[in-house]
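Only one structure is covered here, and it is reproduced in the block below.
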There are 2 protein chains.
Amino acid sequence: MVTVTGRDGAGRRWSIGEVARASGMTVRALHHYDEIGLLRASERTASGHRRYTGRDVRRLYRVRALRTLGLSLEEIADVLDGSADDLEAMRGLLAAQLHGLEAHAVRLRQLTDRLRGLLERLDGASMPDPDQFMTTLEMISVFEASFTPEQREQLARRRAELGPEAVEAAGLEWKELVEELLRHVQDGTPADDPRVRELVGRWDALGNRFHSTGADGERTKAAARRMWEEHSEELGRSLPWPAERMRELVRYLERVRQAGRRGH
Amino acid sequence: MVTVTGRDGAGRRWSIGEVARASGMTVRALHHYDEIGLLRASERTASGHRRYTGRDVRRLYRVRALRTLGLSLEEIADVLDGSADDLEAMRGLLAAQLHGLEAHAVRLRQLTDRLRGLLERLDGASMPDPDQFMTTLEMISVFEASFTPEQREQLARRRAELGPEAVEAAGLEWKELVEELLRHVQDGTPADDPRVRELVGRWDALGNRFHSTGADGERTKAAARRMWEEHSEELGRSLPWPAERMRELVRYLERVRQAGRRGH
DNA sequence: GCTTGAACCTGACGCGACGGAAGGTCCTAG
DNA sequence: CTAGGACCTTCCGTCGCGTCAGGTTCAAGC
């Protein structure tokens, strides 16, 4: 008198509401799965009500399990309809999913780190001016758009190697260089004047300290130069000098470097 | 002869294509920002082409910067249109964002851990049967639906405290209990028989080992019992006994416990 | 058989941040 | 004058459902 749940003829049938309550899904979700063909009720009553068989319910449990792993409904349909529950396909899918999630986690970590850093600076009361803060944000945005993630990481490593006081000192030296060069721009000092040539040499050396050597370093330097050329406007706004004068300065720098190459 | 970039009259205008190239956004995105009112070009040519002013471009840079922090366009519009760039509002928004992302990161970690665990089991070759693997997945899904995340963590901690060999031993003891009790079910042993009462006592003690004490532990136990009652079908499928007999066993257990309470 | 309330049905819109295509207008250089 | 590139608006699609709206069916009580 053993009731083997046969291929599909025998056994209980469940209404959509019963299935929903038992599985913790909503009726609407089941409707949706039916619509997209992921899980259709094997039978309908004469009036069109869905009747789910035991097989259907088992399939739903698999769907739900795979959903909690973050798979898309399409991926779930593919693997469930794959030839005889192919374990290899499943393995590949889960591995790919893990890969994607790990990549996502890395980006998330970077984001939270940046947010924490920003909030610290905000809390440090060292930034009382809303406009200055927004401008800092803009600069960060320019910075991020100009370098690849690898280059940014390279720059961060180099800064860490140099240490905070060296970075601070470099900032001060750079400030002096800007002041002096701005005076030369205003005075119309020719681009092949040895004095400005020396100043630009110090400028470039200063920049080099923050780049590593080798082909990667060169590419990073080129990206930095492009950033200055294309975004001197925005970068200038966060500096204590007028943006227009900074643009002129960048153009002047380029002329001095060219004169140096020709003179050599 | 200082050209102060006036309120809005003077200065360059940029076409949408120029702005897109300079900012790294797509023309379509700028159209979208215009549509939703986040960033509209201050002017139009007679024929309807957008002309962006310097102010517009500056706003775009802020939008882009805030987007890289993961804020929604609506949130960005709110802070940018807030009264005079309110720093407090900004702080609150960024703090909330950080909070949300941290919560997201936690869920992501749990997910990747689970995926890694599953893949290890798959690689361990200890699971050659696709159907068995799918059934394991279903059980996980039932398990996760039955307990709150806190309860799951509580159970995991308790298992770790007991150590793997104690868990293994408990599994074996439980298996024996099931076999003996199934025989009593089949033999129709009355629910108040001292032998089954003793067996059920051991069963409950076995379960108690995995729950912590106090109100939390009680709630976890209740959730476990509900899981057994409502999902003996699915749980039974992954066990070496027929589901129907497991269902009978669960009902029998309940009768024995009631008889015990009455007899006392 | 009738009524009533719960359960069920289909169809459609909405969300978020755009991508992409269709079909037309405008601008500029040759 | 013409070609082609830049620009315009409008609309559909994405993903996984939630949430109506408006109608039909079911099960129970009278």
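Throughout, a chain's letter reflects where its sequence line sits, starting with A, and its residues are numbered from 1. Here the structure is a predicted model, which is why all the values come from computation and not from measurement.
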Students often get this wrong, so: under 4.0 angstrom with heavy atoms, is A/Arg44 touching a base, only sugar-phosphate, or nothing?
sugar-phosphate
Just the rounded figure in Å: distance from P of C/dA6 to NE2 of A/His49.
16 Å
Ignoring the backbone of A/Ser15, work out which of C/dC8, C/dT10, C/dA17 is nearest its side chain.
C/dC8
Any side-chain donor paired with an acceptor under 3.5 Å for A/Glu102 and B/Thr112?
no
Return the value, rounded to whole Å, for the distance between atom CD of B/Glu35 and atom P of D/dC8.
12 Å
Between C/dG19 atom P and B/Ile36 atom CD1, what is the distance in whole Å?
13 Å
Find which nucleotide of DNA chain D each of A/Ala46 and A/Thr26 is nearest to by heavy atoms, and output the residue with the more 5' nucleotide.
A/Thr26
Taking any heavy-atom pair under 4.0 Å as a contact, classify B/Thr45: base, sugar-phosphate, or nothing.
nothing
Rounding to a whole Å, what distance do you find between A/Leu30:CG and D/dG16:P?
15 Å
When you measure from the side chain of B/Arg28, which nucleotide among D/dC11, D/dC8, D/dG16 comes out closest?
D/dC11
Under-4.0 Å salt bridge between A/Arg21 and A/Glu18
no
How many Å lie between NE2 on A/His32 and P on C/dG14, as a whole number?
18 Å
What is the distance, to the nearest angstrom, from the NE2 atom on B/His31 to the P atom on C/dG20?
15 Å
Considering every strand and a 4.0 Å limit on heavy-atom distances, what is the contact class for B/Arg67: base, sugar-phosphate, or nothing?
sugar-phosphate
Using only side-chain N and O atoms of A/Tyr33, determine if any of them is under 4.0 Å from OP1 or OP2 of D/dG16.
no
What I want to check is whether the side chains of B/Ser42 and B/Arg13 have a donor and an acceptor closer together than 3.5 Å.
no
Looking at B/Ser47, does any N or O in its side chain come under 4.0 Å of the phosphate oxygens OP1/OP2 on D/dC8?
no
Closest to side chain of B/Ala29, choosing from D/dT9, C/dC18, C/dC26
C/dC18
A/Asp123 bridged to B/Arg91 by N-O distance under 4.0 Å:
yes
Side-chain N or O of B/Arg50 closer than 4.0 Å to phosphate OP1/OP2 of D/dC8
yes
Check every strand shown and say whether A/Ile16 touches a base, only sugar-phosphate, or nothing at a heavy-atom separation below 4.0 Å.
sugar-phosphate
Can you measure B/Asp34 atom CG to D/dC8 atom P for me and round it to whole angstrom units?
9 Å
May I have the distance from A/Leu38 (atom CG) to D/dC15 (atom P), rounded to whole angstrom?
14 Å
Is the B/His104-B/His99 ring centre distance short of 6.0 angstrom?
no
